[in-house]
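Working notes for the structure below.
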Amino acid sequence: MTAFSYTHLLRHIQACAKHRTIFPGKKLHAHIVKSGAEQCGAFPNTLIDLYAKCGLVRCARKVFDKIPQRDHVSWASILSAYNQSMLPNRTLGLFPDMYTVDHLLPDEFVLATLVKACASLGNVRLGKQVHGRFIVSKFNEDYVVKSSLVDMYSKCELIGDARVVFESVLLKNYVCWTAMISGYARNGKIDEATKLLRRMPLKNLFSWTALISGVVQSGCNVDAMRLFVEMRREEGIRIEDPFVLSSAVAASANLAALELGKQVHCFVIVLGYVASLFVGNALVDMYAKCSDILAARSVFDSIWIKDVVSWTSIIVGVAQHGQAEEALSMFDEMLSKGLKPNEVTFVGLIYACSHAGLVAKGRELFNSMIEDYHIMPSLQHYTCFLDLLSRSGLLTDAYEVVKTMPFEPDEPTWAALLSASKLHKKTQLAIKMANHLLSIKPQDPSSYILISNTYAAAGMWDEVSKVRKMMATMAVRKEPGYSWVNLGKESQTFYAGEIPNHLKQPVLMLIEELIVEMKKRGYVPDTSSVLHDLDNQEKEQQLFQHSERLAVAYGLLKSISGTTIRIVKNLRICGDCHTFLTLVGRITHREIIVRDSTRYHHFKDGSCSCGGFW
DNA sequence: CTAGGGTTAG
């Protein structure tokens with residue numbers, strides 16, 4: 001083999017790896033084997049890289065195993081191949097052979113690869129060991145390893161350690177800055193992240209994307225949108241890839257802000273990224289969360305090659321809109337396309353069954369998840385499953401599951417069981433659940449209302465006043481409940497018990513009128529049992545404390561007859577408000593859509609799509 | 001051959 005053809009072939013393989021195309025690469029490999037040059041020069045290591053980049057890690061390993069004299073590059077290539085194939089366990093498992101079999105110590109390339117593996121596993125213990133080896137090695141000022149350490153520590157929520165490493169880098173490049181900014185943002189330290197970005201000498205799209213996506217992941221969606229706007233105005237920042245757009249769409253989704261989401265969608269079209277899978281998936285979710293399920297369907301249909309996330313997004317969207325049967329048939333369709341559901345898919349499916357009262361189907365899915373797909377159910381899966389059983393009145397079964405499941409039940413678990421016990425008038429069981437809920441110190445004030453109502457229904461007034469005293473002495477509520485109403489482009493926010501002055505008169509008058517109409521139809525507010533020793537005026541005052549009531553009244557005043565009122569709420573909607581909104585829907589013949597912190601409620605023709613209570 | 005940014009539940 002001539003020198004020319006060696007270099008030529010090598011370049012060719014490198015090009016294939018760069019473009020992740022295996023077809024010519026494999027032919028080149030066969031050619032090299034045939035000419036007996038398999039172990040010549042950089043061929044084996046380059047081939048490992050090619051197979052790794054094409055997702056054929058087993059082929060990479062075969063090449064690796066055949067090398068008679070493996071060097072540092074061979075090791076770095078195979079270890080990074082496992083990282084690229086999302087098998088960080090294999091990376092760490094194979095590494096000891098580097099010394100025990102080949103008598104080689106890790107170089108800076110191998111160290112960086114190991115740190116990355118620890119980061120994706122969230123294994124700080126091992127990560128610190130690698131850090132120790134790095135410090136005593138002769139590469140201990142390597143900035144690439146340091147960047148990976150910054151990322152590792154921040155992924156393990158040791159943001160202080162990340163900062164120490166970050167500060168120790170003498171010449172920080174933008175990768176290092178980005179790792180640190182992303183770490184702060186994902187750990188909820190938005191101010192620190194923003195401060196760091198402003199201090200960064202050469203901001204680019206990567207650093208902005210890291211900041212914005214981290215802020216979205218911390219749940220601060222308004223801040224994220226502000227930063228997105230600021231980035232667009234920032235000089236020299238051009239959106240050259242769709243990464244930041246999927247975060248912007250996700251932020252609009254989390255805000256359930258349809259108009260905002262549509263604007264971002266337009267922006268996506270203008271920039272030419274409609275074909276991006278990540279953006280498409282985010283758009284499906286955004287339209288579903290904004291309760292425009294038809295738009296969600298149409299974006300979903302337009303995705304050329306759909307993945308699990310696309311299917312899960314539309315299935316969860318459809319399910320949350322009360323169309324359980326449709327969600328289940330889409331699941332079958334997904335399976336027929338050869339796609340494997342993940343843990344999120346099952347959460348959506350079991351919720352769908354729960355709302356539609358499909359107990360047998362829900363059980364079947366829960367078991368199939370474990371047996372056919374080897375997905376270990378999380379606490380959330382158990383909560384969905386318990387919700388399914390208890391809503392259908394199988395409370396004893398549900399309680400059995402709670403006792404046998406491998407998790408400590410949390411607040412939502414007991415709250416779900418308590419609501420169901422109340423619904424099915426199992427007072428004794430309800431009291432038991434209320435005690436459990438009290439014993440884990442609920443953070444959510446609505447739990448106290450639920451507990452208090454349970455005792456009230458059983459006539460246990462001593463217990464009621466005890467709970468009320470606990471409520472009164474409880475530390476300041478972190479955040480008051482609030483709702484906002486969307487009427488086309490207009491939106492108005494209402495904090496519980498706080499009405500903007502110019503709206504006070506008309507809104508309160510309308511609520512009073514509605515309550516009079518409801519009482520004629522036998523409406524007894526749930527809250528009045530909590531407040532049994534208050535006078536009537538105080539009870540009435542309590543009725544105006546609910547932000548969704550204020551929002552719906554405002555919506556009724558503003559909207560033309562027959563139009564849909566969309567309300568978004570930051571807390572779970574309580575049983576009494578549920579009854580209230582059902583009746584408002586019936587009296588006014590409007591469709592009211594409420595999204596609370598967990599699900600949708602479509603109030604139409606006197607019933608709710610969510611399947612009943614809450 | 002090594003390091004940083006994206007979507008779905010809660």
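Bear in mind that the values here come from a model prediction, so they are computed numbers and not experimental data.
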Quick check for you: among [options], whose closest atom lies nearest to any side-chain atom of [X]?
X	options	result
N281(A)	dT7(B), dT8(B), dT2(B)	dT7(B)
A282(A)	dG5(B), dA9(B), dT7(B)	dT7(B)
N204(A)	dA3(B), dG4(B), dT8(B)	dG4(B)
V316(A)	dT7(B), dG5(B), dA9(B)	dA9(B)
L205(A)	dA9(B), dG5(B), dC1(B)	dG5(B)
V144(A)	dT2(B), dT8(B), dT7(B)	dT2(B)
F243(A)	dG5(B), dG10(B), dT2(B)	dG5(B)
S77(A)	dT8(B), dG5(B), dC1(B)	dC1(B)
N173(A)	dT2(B), dC1(B), dA3(B)	dA3(B)
S80(A)	dG5(B), dA9(B), dC1(B)	dC1(B)

Could you tell me whether the side chain of [Y] reaches within less than 4.5 Å of the side chain of [X], counting heavy atoms only?
X	Y	answer
L437(A)	L417(A)	no
C118(A)	V124(A)	no
L258(A)	Y287(A)	yes
L149(A)	F134(A)	yes

Could you work out, with side chain to side chain donor-acceptor pair (under 3.5 Å) as the rule, every residue matching [X], not counting sequence neighbours?
X	result
S80(A)	Q84(A)
K128(A)	none
H29(A)	Y51(A)
N281(A)	D307(A), S310(A)

Pairs meeting criterion salt bridge (Lys or Arg N to Asp or Glu O under 4.0 Å) with involvement of residues 308-319 of chain A, two or more places apart: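 Non-adjacent pairs meeting salt bridge (Lys or Arg N to Asp or Glu O under 4.0 Å): zero.
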
Do the side-chain N or O atoms of [X] get closer than 4.0 angstrom to the phosphate oxygens (OP1, OP2) of [N]?
X	N	result
K53(A)	dC1(B)	no
Q320(A)	dA9(B)	no
S213(A)	dG6(B)	yes

Would you kindly check whether a donor in the side chain of S276(A) faces an acceptor in the base of dG6(B), or vice versa, at under 3.5 angstrom? yes

Taking DNA chain B as the partner, which of [range] come within under 4.0 angstrom of it by heavy atom?
range	value
residues 176-189 of chain A	T178(A), S182(A), R186(A)
residues 104-121 of chain A	E108(A), F109(A), A112(A), T113(A), K116(A)
residues 192-200 of chain A	none

Would you classify [X] as touching base, sugar-phosphate or nothing, given that sugar-phosphate means primed atoms plus P, OP1 and OP2, and contacts are heavy atoms under 4.0 Å?
X	result
N342(A)	base
N45(A)	nothing
S147(A)	base
A210(A)	sugar-phosphate
K172(A)	nothing
F346(A)	nothing
Q14(A)	nothing
T209(A)	base

Name the atoms and distances for all side-chain donor-acceptor pairs under 3.5 Å in residues 169-176 of chain A, with sequence neighbours left out.
residue: K172(A); atom: NZ; partner: V169(A); partner atom: O; Å: 3.1
residue: N173(A); atom: OD1; partner: V175(A); partner atom: N; Å: 3.3
residue: N173(A); atom: OD1; partner: C176(A); partner atom: N; Å: 3.1

Distance in angstrom units between [X] [atom1] and [N] [atom2], rounded:
X	N	atom1	atom2	answer
F385(A)	dG10(B)	CZ	P	18 Å
H355(A)	dA9(B)	NE2	C1'	13 Å
M231(A)	dG5(B)	CE	P	17 Å
L50(A)	dC1(B)	CG	P	12 Å
E141(A)	dT2(B)	CD	P	22 Å
L379(A)	dG10(B)	CG	P	13 Å
N254(A)	dG10(B)	CG	P	11 Å
F278(A)	dT8(B)	CZ	C1'	11 Å

Is the ring centre of Y143(A) under 5.5 Å from the base ring centre of dA3(B), and are the two planes under 30° apart, so that they stack?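 The base of dA3(B) is not stacked with Y143(A) (the test needs centres under 5.5 Å and planes under 30°).
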
Do any pairs count as a side-chain hydrogen bond (donor to acceptor under 3.5 Å, both in side chains) and have a residue in residues 238-256 of chain A, sequence neighbours left out, and if so which ones? N221(A)-N254(A)

Among residues two or more places apart or on two chains, list those pairs meeting side-chain hydrogen bond (donor to acceptor under 3.5 Å, both in side chains) that have a residue in residues 135-144 of chain A. E141(A)-K146(A)

Report all side-chain donor-acceptor pairs from residues 109-116 of chain A shorter than 3.5 Å, counting only partners two or more places apart or in another chain.
residue: T113(A); atom: OG1; partner: F109(A); partner atom: O; Å: 2.8

Could you tell me whether F407(A) atom CZ has more than 12 heavy atoms of other residues or ligands within 6.0 Å of it? yes

